[in-house]
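A short write-up of the structure that comes next.
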Amino acid sequence: MVAIVRQAVETHQAGQLEAAEALYRKVLQMQAGQPDALHFLGVLCHQRGRSDEGIRLIRMALRAAPLHADAHNNLGNIHKETGSLAEAEACYRQALACNGQHHDALSNLALVLEAQQRFQEAFQAYAELLERAPRLSLAHYLMGMYLRRHVNEIGDLQHAVACFRNAVRCDGSNVRALDALGVTLYMLGRQDEAVGAYRDWLGREPDNPVPRHMLAACGGEAAPPRADDAYVREVFDRFAESFDEQLLKNLDYRAPQVLVDALIGVLGVAEGALDVLDAGCGTGLCGPLIRPHARRLDGVDLSDGMLEKARQRGGYDELVTAELTAYLRDHPETWDVVLSADTLVYFGDLVEVLAATHAALRAGGRLAFTLEAMDADEDRSELSSSGRYRHARRYVERVLGAAGFVEVSIAASALRKEVGKPVAGWVVLARKSRLGCG
């Protein structure tokens with residue numbers, strides 16, 4: 001039986017979930033209360049979307065082995081990932097009562113305390129983890145991320161930089177720490193050091209599109225005309241799980257609401273009669289806001305992870321994984337409205353995507369999108385050290401006109417915060433000419 005349990009765990013770790021489940025159930029047929037099989041099957045059930053069953057199975061395992069710290073920790077993980085934060089906290093504390101050196105449980109406790117906005121307790125838990133495990137790369141990384149999320153003064157960012165450097169010293173394979181280090185350095189305006197961090201990361205992972213793009217963003221290489229598809233996909237697949245919480249709670253993200261409010265101002269009363277495309281829909285934050293105006297609402301995005309979140313949010317008739325310009329070209333005269341919240345910030349050159357949008361709109365159709373604003377009386381765009389592009393008003397006016405759009409409106413608005421300060425943006429509205437008239 002021990003051999004079958006080991007085989008089941010190895011199959012589970014290899015990602016062969018159906019085969020692993022069959023093996024765990026075979027063990028339980030042989031011994032109904034076998035705690036390891038119950039525990040790991042519970043984890044697997046959660047991974048397969050059956051979280052209630054997973055919770056029940058791990059609780060059964062804990063009745064047989066009440067001092068099993070890993071089982072308490074994994075039960076806490078299921079509660080955390082399903083939004084039951086108080087239950088998760090209790091599980092992590094129980095795991096630590098069983099094993100005071102359970103670093104995963106302590107790090108998870110810190111995260112769940114932070115998620116409950118108990119910031120002082122969370123900070124103390126992160127500090128305790130560092131004290132207990134000073135050579136654990138994850139401990140330094142988590143403290144750095146906490147400091148960066150809760151910046152009270154410039155010293156917090158400087159402290160975060162030190163944490164990320166220590167994380168890399170403890171584990172050179174921790175490229176998450178190099179990523180965080182580069183971001184924090186550009187937040188501090190230390191561009192040359194950020195270039196060094198991204199060169200270091202690229203040297204360790206030469207095929208990774210993220211450090212290559214960010215190296216260009218910080219001036220270490222020539223800027224591309226738009227972000228590479230692989231970069232966008234990698235960043236947002238990785239970011240999908242925490243996207244809404246990070247932007248809405250930590251960055252005061254307002255782009256979807258501000259954009260749709262501006263669009264509704266020209267659309268008028270909602271009659272549910274329009275075919276709408278949410279271009280770069282992400283997790284679907286625009287969907288519920290524009291749905292009352294839509295007869296049909298489609299979404300397109302490069303990131304499968306983001307689209308899965310949009311699918312869970314609901315409200316879309318179709319969600320498609322595709323590159324935006326190509327998708328628009330493939331759908332001539334299809335939509336009455338195309339809106340795009342913070343997607344075109346990954347395009348420096350807007351000529352092709354706006355021409356494709358114009359062709360994809362029906363006569364008289366509306367376009368609405370946001371950009372990060374470049375405060376310059378020039379006709380140009382630039383890649384900023386954030387990895388996003390900024391556009392000057394004159395550039396936006398010119399390319400919209402060249403694409404054939406009329407009734408162009410460009411309004412200044414703060415769409416998010418970064419390091420506690422508003423990021424200047426544009427809210428852009430335009431219309432495709434009606435047949436024979438402007």
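FYI, side chains are in, hydrogens and waters are out, and symmetry mates aren't considered; it's all heavy atoms of this structure. In this chain, numbering begins with 1 at the start of the sequence shown.
Put simply, CG on Asn108 and CZ on Arg93 are 12.5 Å apart, with the number rounded to the nearest 0.5 Å. Taking OH of Tyr186 as the reference point, atom CG of Leu188 lies at 11.0 Å (rounded to 0.5 Å). Atom NE2 of residue His293 and atom CG of residue Leu339 lie 11.0 Å apart, to the nearest 0.5 angstrom. Expressed to the nearest 0.5 Å, how far CZ of Phe40 lies from CG of Asp70 amounts to 7.0 Å. Atom-to-atom distance recorded for Leu354:CG and Leu367:CG is 6.5 Å, nearest 0.5 angstrom. Atoms CG and OG, on Leu138 and Ser107 in that order, are 5.5 Å from each other to the nearest 0.5 Å.
A salt bridge does not link Asp52 with Arg56: every distance from a Lys NZ or Arg NE/NH1/NH2 to an Asp or Glu carboxylate oxygen is 4.0 Å or more. Salt-bridge check for Glu318 with Arg296: passed, with a basic side-chain N closer than 4.0 Å to an acidic carboxylate O. Asp275 has a carboxylate O that lies under 4.0 Å from a charged side-chain N of Arg295, or vice versa, which qualifies the two as a salt bridge. At a threshold of 4.0 Å, the pair Lys80-Glu89 does not count as salt-bridged, since none of the basic side-chain nitrogens sits closer than that to a carboxylate oxygen. Salt bridge Arg165/Glu193: present, at least one basic N to carboxylate O contact under 4.0 Å. With respect to Arg388 and Glu382, no salt bridge is recorded, no charged nitrogen being found less than 4.0 Å from a carboxylate O. A salt bridge is absent between Glu372 and Arg390; no separation between the charged side-chain nitrogens and carboxylate oxygens falls under 4.0 Å. Between Glu21 and Arg25 there is a salt bridge, since a side-chain N of the basic residue sits under 4.0 Å from a carboxylate O of the acidic one. Ion pairing between a basic and an acidic side chain is recognised when a charged N comes within 4.0 Å of a carboxylate O; Glu114 and Arg149 show such pairing.
Of the possible polar contacts, one joining the Glu323 side chain to the Ala326 backbone as a donor-acceptor pair under 3.5 Å is found. Here the side chain of Asp200 pairs no donor or acceptor atom with the backbone of Gly196 at under 3.5 angstrom. With Thr343 contributing its side chain and Ser340 its backbone, the two residues share no donor-acceptor pair below 3.5 Å. For the pair Trp426 (side chain) and His391 (backbone), a donor-acceptor distance under 3.5 Å is present. Remark: side-chain polar atoms of Asp179 are not paired, donor with acceptor, to backbone N or O of Val175 under 3.5 angstrom. No donor-acceptor pair under 3.5 Å is formed between the side chain of Glu153 and the backbone N or O of Gly155. The closest donor-acceptor contact from the side chain of Ser413 to the backbone of Val427 lies at 3.5 Å or more, if one exists at all. Put simply, the side chain of His68 gets close to the backbone of Ala71: a donor and an acceptor are under 3.5 Å apart. Judged by distance alone, with hydrogens and angles left aside, the side-chain atoms of Thr11 form no donor-acceptor pair with the main-chain N or O of Ala20 at under 3.5 Å. Under the 3.5 Å distance criterion, the side-chain polar atoms of Arg313 are matched with a main-chain donor or acceptor of Thr283.
Under the 4.5 Å side-chain criterion, counting only non-hydrogen atoms from C-beta, Tyr92 is not in contact with His72. Looking only at side-chain heavy atoms (C-beta outward), Tyr24 and Val9 come within less than 4.5 Å of each other. Annotation: side chain of Arg366 is in contact with side chain of Leu263 (closest heavy-atom distance under 4.5 Å). For the pair Ile4 and Leu23, the minimum side-chain heavy-atom distance is below 4.5 Å. Counting heavy atoms from C-beta on, the side chains of Gln34 and Asp36 come closer than 4.5 Å. Annotation: side chain of Tyr253 is in contact with side chain of Leu285 (closest heavy-atom distance under 4.5 Å). Looking only at side-chain heavy atoms (C-beta outward), Pro256 and Asp342 stay at 4.5 Å or farther from each other. A 4.5 Å side-chain heavy-atom check between Thr370 and Val258 finds every atom pair outside the cut-off.
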Run the side-chain contact (heavy atoms from CB on, under 4.5 Å) test on Asp156 and Arg148 for me, step by step, so that the C-alpha distance in whole Å, both residues' side-chain angles and the decisive distance to 0.1 Å come before the verdict.
CA-CA 7 Å; Asp156 292 330; Arg148 203 176 79 190; over 6 Å; no

Working note: Arg329 + Glu352, criterion salt bridge (Lys or Arg N to Asp or Glu O under 4.0 Å); need CA distance, chi angles, decisive distance, verdict.
CA-CA 10 Å; Arg329 285 174 177 158; Glu352 291 188 11; 3.2 Å; yes

In sequence, state the C-alpha distance, the side-chain angles, and the governing distance for Cys98 and His102, and then conclude on side-chain contact (heavy atoms from CB on, under 4.5 Å).
CA-CA 9 Å; Cys98 297; His102 201 295; over 6 Å; no

One pair to check against side-chain contact (heavy atoms from CB on, under 4.5 Å): Phe164 and His140. What are the steps and the verdict?
CA-CA 6 Å; Phe164 296 136; His140 294 279; over 6 Å; no

Leu85 vs His79, side-chain contact (heavy atoms from CB on, under 4.5 Å): CA-CA, chis, key distance, verdict:
CA-CA 6 Å; Leu85 300 183; His79 282 306; over 6 Å; no

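Between Tyr316 and Asp278, the shortest heavy-atom distance links the atoms OH-OD2, 2.7 Å. A pairwise comparison of heavy atoms in Leu147 and Cys163 identifies CD1-SG, 4.1 Å as the closest pair. Between Ala414 and Pro422, the shortest heavy-atom distance links the atoms CB-CB, 3.7 Å. Taking both residues in full, the closest heavy atoms of Pro292 and Leu289 are given as CD-O, 3.7 Å, listed atom of the first, atom of the second, then distance. When all heavy atoms of His213 and Ala227 are compared, the closest pair comes out as CE1-CB, 3.7 Å. Listed here is the closest heavy atom pair of Val195 and Cys218: CG2-O, 3.4 Å.
Applying the salt bridge (charged side-chain N to carboxylate O under 4.0 Å, His left out) test to pairs two or more places apart or on separate chains, those with a residue in residues 285-294 are Arg291-Asp317. Applying the salt bridge (charged side-chain N to carboxylate O under 4.0 Å, His left out) test to residues at least two apart or on different chains, the pairs with a partner in residues 206-218 are Arg212-Glu221.
Note: Phe236 and Tyr346 have perpendicular aromatic rings, judged against thresholds of 30 and 60 degrees for the angle between ring planes. Ring pair Phe123/Tyr146 is tilted by interplanar angle, where 30° to 60° counts as tilted.
Other residues, nucleotides and ligands contribute only 12 or fewer heavy atoms inside 6.0 Å of the CD atom of Glu18. Heavy-atom neighbours of Gln312 CD from other residues, nucleotides or ligands within 6.0 Å: above the threshold of 12.
Using modelled atom types, one finds a donor on one side chain and an acceptor on the other under 3.5 Å when comparing Gln47 with His12. No donor-acceptor contact under 3.5 angstrom links the side chains of Asp301 and Ser303, judged on distance only. For Asn77 and Glu81, the side-chain atoms include no donor-acceptor pair closer than 3.5 Å.
Cation-pi check for Arg380 over Tyr395 is not met; the charged atom does not lie both under 6.0 angstrom from the ring centroid and within 45 degrees of its normal. A cation-pi contact links Arg176 to Tyr141, judged by a cut-off of 6.0 Å to the six-membered ring centre and 45° from its axis.
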